[in-house]
Amino acid sequence: MKEQLHALLQQSLASLVVDGVLSEVPDNIRIDHSKDKTQGDFASNIALVLSKQAKCAPKVLAEKIVANLADSTEIEKTEIAGPGFINFFMSQGSNSSVIDQIIDQSNEYGMSDFGVNQRVLLEFVSANPTGPLHVGHGRGAAYGATVANLLRAIGFEVDNEYYVNDAGRQMDILATSVYLRYIETDKFPDNGYKGSYIFDIAKQVNGIEKFDIFDGVSADEKDGGDKEKHIDDLIANCKVLLGDDYKTIFDLAIDGILSGIKTDLAEFGVDYKQWFSEQSLVDSGLSKTTVEALQASGHIYEQDGALWFKTTDFGDDLDRVVVRDNGMHTYFASDIAYHLEKFERGYDKIINIWGADHHGYIARVKASVTALGNDADKLEILLVQFANLYRGGEKVAMSTRSGSFVTLEELRNEVGNDAARFFYVLRKSEQHMDFDLDLAKSKTNENPVFYIQYAHARICSVLKQNTGDSSAVDLTLLNNEAETALIKQLNRYKDVLQSSALNYEPHVLAYYLRELAGDFHSYYNSSEFLVEDATLKNSRLQLISAVKQVISNGLGLLGVSAPDSM
RNA sequence: GCGCUCGUAGCUCAGCUGGAUAGAGUGUUGGCCUCCGAAGCCAAAGGUCAUGAGUUCGAAUCUCAUCGGGCGCACCA
């Protein structure tokens, strides 16, 4: 319907170009769903946009545009309003035809082929496997999974990926922490992982000799020493004394934590196509050859014994080290290789979802992409802000270091997956959010998840009570205020879905569903559905069936269930 | 200090690729169940869109400055 209006406007503008009123037809003609019913169903600001080009007042131009519009049975009337908006009032039949479309296409309704034949790589969460996911990761998980769903709904082929940082020092600290819990010493490094999950992993270790790995190590911070050096010494001792057994502990630690993360995400409705190992980049030699490639193209220089990548040539603030003076590759070096590898897989679009605290890394990663001859515009980095938890009106204190954080699993158990998924995407991703645990748990009208689910359940309940023949339907009977509003809302769904997806903004869909549910609840209170007149009854049931379908489809994309009863 | 980001109703937030009287929820106040699920509906009150300039026919939206909050500025990952 909107497409037809678009074509009609384009035609009209083209004829005005022939008449010499306009010099050219713009390629971005905007048509919006009117926010107020007195302004019709659709509105265009095109006359305001082009008034300068036409050298006449917007209202005058609007009249010319309307006069040149071809006749259409879909349009009941047009009006010029305000400073020069053109308002389109569509015929009732044109508006209500959406109901049939929704019923026909059922679960598929709303989908489109906008992104057909385009492949997207979406990397998200990618938390270090040094402990269970916490509520901060949960937001990235919910956001990423929903963005993937939205993009798929409009035709993109999306591959979800989790980058596993299984190489490097943090993993050694993890393994050493596990070993220390295994030998049950009362000494523990300041920098070790202190969480209770370390004990659980340590319990699975058996048959490995218990050495005193504190022999000869430098002092820890609490004893006036350097905590970094202290733990590095412990790791070194651990490796030497344990020999092959070190790898056994190491693998046990990472496998244990990673499988926990996988289970957690799967239960949260978040699925991955691939878990990409950082270590695999080292093993395959790609990390090394990537640095060599940068060297060959003259982007690397040596200083103080380290190799620096001249990212400032590509807009970064400072140059960055890729190989340390001890010969170790930095995390950044792996990241360069990883992104190169991503580009080589031939995706049309590569999206990374990062915690907002990593925003400082965007410039250097994009620099590396450009330096290696790829198009950095293909790489989009979306940022997700932290979530603050509130319970009983008080902010829940969290600190990763001390191990006192609320895990994603605890959150899911406390508020349920539906509420967690919905609350996480209810706010714009780059916006700080306050997550009110009490509200998410409440089964009252304060809770938007239940408000929407309730609308769905209510419709199911009504439909269940219907008896009799349902063949006689006349959608033109749906013309009271509540019905008109509801039909108008249904007509918006496809556009909402598309813009929500293209802008990576799930909250737009979440807000829409709340509005749709609200319009339904109003309708429910103002009109009776199961009336004597069979044709009217069937028509109303068709309408609310369509509402039920759209709620179900929309919630599905958000990863939230649409129960028949609650 | 430099960079990024945010500042909209008591509270939590939409609206930001410039457009018509700035919107929801919650909270407050007052109404609606002999009727399909009251986990609902209706209504009222509530605003210097942080502040000040600028661009424009038109600014919550774009530009600059100031104030205030968050984050980032490692040969860590």
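Source: prediction; values computed, not measured.
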S.K.: Below 4.0 angstrom, N of the basic side chain to O of the carboxylate: do A:Glu292 and A:Lys288 qualify?
M.R.: yes

S.K.: Within this structure, what is the CG-to-C1' distance between A:Asp317 and B:G1, rounded to whole angstrom?
M.R.: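 One finds 13 Å between C1' of B:G1 and CG of A:Asp317, rounded.
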
S.K.: Go through B:C36, B:G69, B:A14 for me and flag the one nearest to the A:Phe529 side chain.
M.R.: B:C36

S.K.: A:His521 has a side chain; which of B:U21, B:G69, B:G40 sits nearest to it?
M.R.: B:G40

S.K.: Nearest to the side chain of A:Met566, which nucleotide is it out of B:G37, B:A20, B:C75?
M.R.: B:G37

S.K.: Is the NZ or CZ atom of A:Arg514 both under 6.0 Å from the centre of the six-membered ring of A:Tyr451 and within 45° of that ring's axis?
M.R.: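 That pair qualifies as a cation-pi contact.
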
S.K.: Have a look at A:Ser565 and say if it touches a base, only the backbone sugar-phosphate, or nothing, with a 4.0 Å heavy-atom cut-off.
M.R.: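 The answer is base, as A:Ser565 lies within the cut-off (heavy atoms under 4.0 Å) of a base atom.
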
S.K.: Got a sec: does the NZ of A:Lys227 have more than 12 other heavy atoms crowding it under 6.0 Å?
M.R.: no

S.K.: Any base atoms under 4.0 Å from A:Ala455, or only sugar-phosphate, or nothing? Heavy atoms, all strands.
M.R.: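 A:Ala455: no heavy atom of the nucleic acid under 4.0 Å.
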
S.K.: Measure from the ring centre of A:Phe85 to the centre of the six-membered ring in the base of B:A20, then say whether that distance is under 5.5 Å and the planes meet at under 30°.
M.R.: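 A:Phe85 ring centre within cut-off of B:A20 base, planes near parallel; stacks.
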
S.K.: So does A:Asn525 reach the base of B:G40 with its side chain, donor to acceptor, closer than 3.5 Å?
M.R.: yes

S.K.: For A:Tyr454 and B:C41, what is the distance between atoms OH and C1' respectively, to the nearest whole Å?
M.R.: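 So the OH-C1' distance, A:Tyr454 to B:C41, works out to 10 Å.
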
S.K.: So, OP1 or OP2 of B:A38: does either fall under 4.0 Å of a side-chain N or O from A:Tyr451?
M.R.: no

S.K.: Do A:Thr146 and A:Tyr424 have side chains that get closer than 4.5 Å, going by heavy atoms?
M.R.: no

S.K.: Send over the distance from A:Ile459 CD1 to B:G40 P, rounded to a whole Å.
M.R.: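 Value for this atom pair: 15 Å.
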
S.K.: Among the candidates B:C41, B:C13, B:U21, find the nucleotide nearest to the side-chain atoms of A:Gln39.
M.R.: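 Closest nucleotide to the A:Gln39 side chain: B:U21.
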
S.K.: Just how far, in rounded Å, is P of B:G15 from CZ of A:Arg427?
M.R.: 11 Å

S.K.: Between A:Asp357 and A:Leu48, name the one whose nearest nucleotide on RNA chain B is closer to the 5' end.
M.R.: A:Leu48

S.K.: Using a 4.0 Å heavy-atom cut-off, does A:Asp304 contact any base of the nucleic acid, only the sugar-phosphate backbone, or nothing at all?
M.R.: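 The answer is base, as A:Asp304 lies within the cut-off (heavy atoms under 4.0 Å) of a base atom.
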
S.K.: Between A:Val321 and A:Ala517, which residue's closest nucleotide on RNA chain B lies nearer the 5′ terminus?
M.R.: A:Ala517

S.K.: Ignoring hydrogens and angles, answer whether the base of B:A20 and the side-chain atoms of A:Asn87 contain a donor-acceptor pair closer than 3.5 Å.
M.R.: yes

S.K.: Regarding A:Leu318, tell me which of base, sugar-phosphate or nothing describes its non-hydrogen contacts under 4.0 Å with the strands shown.
M.R.: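 Result for A:Leu318 = sugar-phosphate.
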
S.K.: Counting only side-chain heavy atoms from C-beta out, which of B:A14, B:C71, B:U21 sits nearest to A:Tyr511?
M.R.: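 When the side chain of A:Tyr511 is considered, B:A14 is the closest of B:A14, B:C71, B:U21.
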
S.K.: May I ask you to say what A:Ser527 touches in the nucleic acid, namely base, sugar-phosphate or nothing, with a heavy-atom cut-off under 4.0 Å?
M.R.: base

S.K.: Between A:Arg458 and B:A38, does any side-chain N or O lie under 4.0 Å from OP1 or OP2?
M.R.: yes

S.K.: Please report, rounded to the nearest Å, how far the P atom of B:G25 is from the CG atom of A:Asp519.
M.R.: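 Answer to the nearest Å: 11 Å.
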
S.K.: Say you pick atom P in B:C6 and the same atom in B:U61; how far apart are they, in whole Å?
M.R.: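 After rounding to an integer number of Å, I get 13 Å for this pair.
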
S.K.: With rounding to the nearest 0.5 Å, note down the distance linking NZ in A:Lys229 to CG in A:Leu234.
M.R.: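 These two atoms lie 11.0 Å from each other.
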
S.K.: Confirm from the modelled atom types if A:His359 and B:G3 form a donor-acceptor pair under 3.5 Å, side chain to base only.
M.R.: yes

S.K.: Side-chain N or O of A:Gln303 versus OP1/OP2 of B:C75: is the shortest distance under 4.0 Å?
M.R.: no

S.K.: Provide the distance between the two C1' atoms, one in B:G72 and one in B:C64, to the nearest whole Å.
M.R.: 24 Å

S.K.: Taking 4.0 Å as the cut-off, does a side-chain nitrogen or oxygen of A:Thr330 come that near to OP1 or OP2 on B:A74?
M.R.: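 So the side-chain polar atoms of A:Thr330 never come under 4.0 Å of the phosphate oxygens OP1 or OP2 of B:A74.
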
S.K.: Could you give me the CA-CA distance, side-chain angles and deciding distance for A:Val282 and A:His329, then say whether side chain to side chain contact (heavy atoms under 4.5 Å, CB included) is met?
M.R.: CA-CA 9 Å; A:Val282 178; A:His329 283 71; over 6 Å; no

S.K.: Whole angstrom is fine here: how far is it from NZ in A:Lys37 over to C1' in B:U21?
M.R.: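 In whole Å, B:U21 C1' lies 16 Å from A:Lys37 NZ.
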
S.K.: Could you check whether A:Asn326 gets within reach of a base, just the sugar-phosphate, or nothing at all, counting any heavy atom under 4.0 Å?
M.R.: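 The answer is nothing, as A:Asn326 stays clear of every strand by at least 4.0 Å.
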
S.K.: Could you go step by step and tell me if A:His358 and A:Asn352 meet the side chain to side chain contact (heavy atoms under 4.5 Å, CB included) rule?
M.R.: CA-CA 11 Å; A:His358 286 73; A:Asn352 294 348; over 6 Å; no

S.K.: OP1, OP2 of B:G37 versus side-chain N and O of A:Gln465: anything below 4.0 Å?
M.R.: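 True: A:Gln465 side-chain N/O within range (under 4.0 Å) of B:G37 OP1/OP2.
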
S.K.: Classify the glycosidic conformation of B:C33 as syn or anti, calling it syn when the angle lies within 90° of 0.
M.R.: syn

S.K.: On a whole-Å scale, what distance lies between the C1' atoms belonging to B:A39 and B:U34?
M.R.: 23 Å

S.K.: Report the relative orientation of the aromatic rings in A:Tyr512 and A:Tyr493; use parallel for angles under 30°, tilted for 30 to 60°, perpendicular for over 60°.
M.R.: tilted

S.K.: Sticking with atom P, work out how far B:G10 lies from B:A74, rounded to a whole angstrom.
M.R.: 41 Å

S.K.: The side chain of A:Phe450 is closest to which nucleotide in this list: B:C13, B:A39, B:C75?
M.R.: B:A39

S.K.: Ignoring backbone atoms, test whether A:Lys428 places a side-chain nitrogen or oxygen under 4.0 Å from the OP1 or OP2 oxygen of B:A14.
M.R.: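 It does not, given that no N or O in the side chain of A:Lys428 lies less than 4.0 Å from OP1 or OP2 of B:A14.
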
S.K.: Measure from CG on A:Asp316 to P on B:A74 and round the result to the nearest Å.
M.R.: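 Checked: the CG to P distance equals 11 Å.
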
S.K.: Dot-bracket for RNA chain B, 5' to 3', with Watson-Crick and G-U pairs under 3.5 Å, [ ] for crossing pairs and | for other-strand pairs: what is it?
M.R.: (((((((..((((.....[...)))).(((((.......))))).....(((((..]....))))))))))))....

S.K.: Do A:Glu515 and A:Arg492 come within less than 4.5 Å of each other through their side chains, counting heavy atoms only?
M.R.: yes

S.K.: Grab the CD-P distance between A:Gln453 and B:A39 for me, whole Å please.
M.R.: 15 Å

S.K.: Once you apply a heavy-atom cut-off of 4.0 Å, does A:His358 come out as touching a base, just sugar-phosphate, or nothing?
M.R.: base

S.K.: Show your reasoning for whether side chain to side chain contact (heavy atoms under 4.5 Å, CB included) applies to A:His230 and A:Asp190.
M.R.: CA-CA 9 Å; A:His230 175 71; A:Asp190 293 337; over 6 Å; no

S.K.: Applying side chain to side chain contact (heavy atoms under 4.5 Å, CB included), run through A:Ile362 and A:Leu383 and close with a yes or a no.
M.R.: CA-CA 10 Å; A:Ile362 296 175; A:Leu383 299 176; 4.2 Å; yes

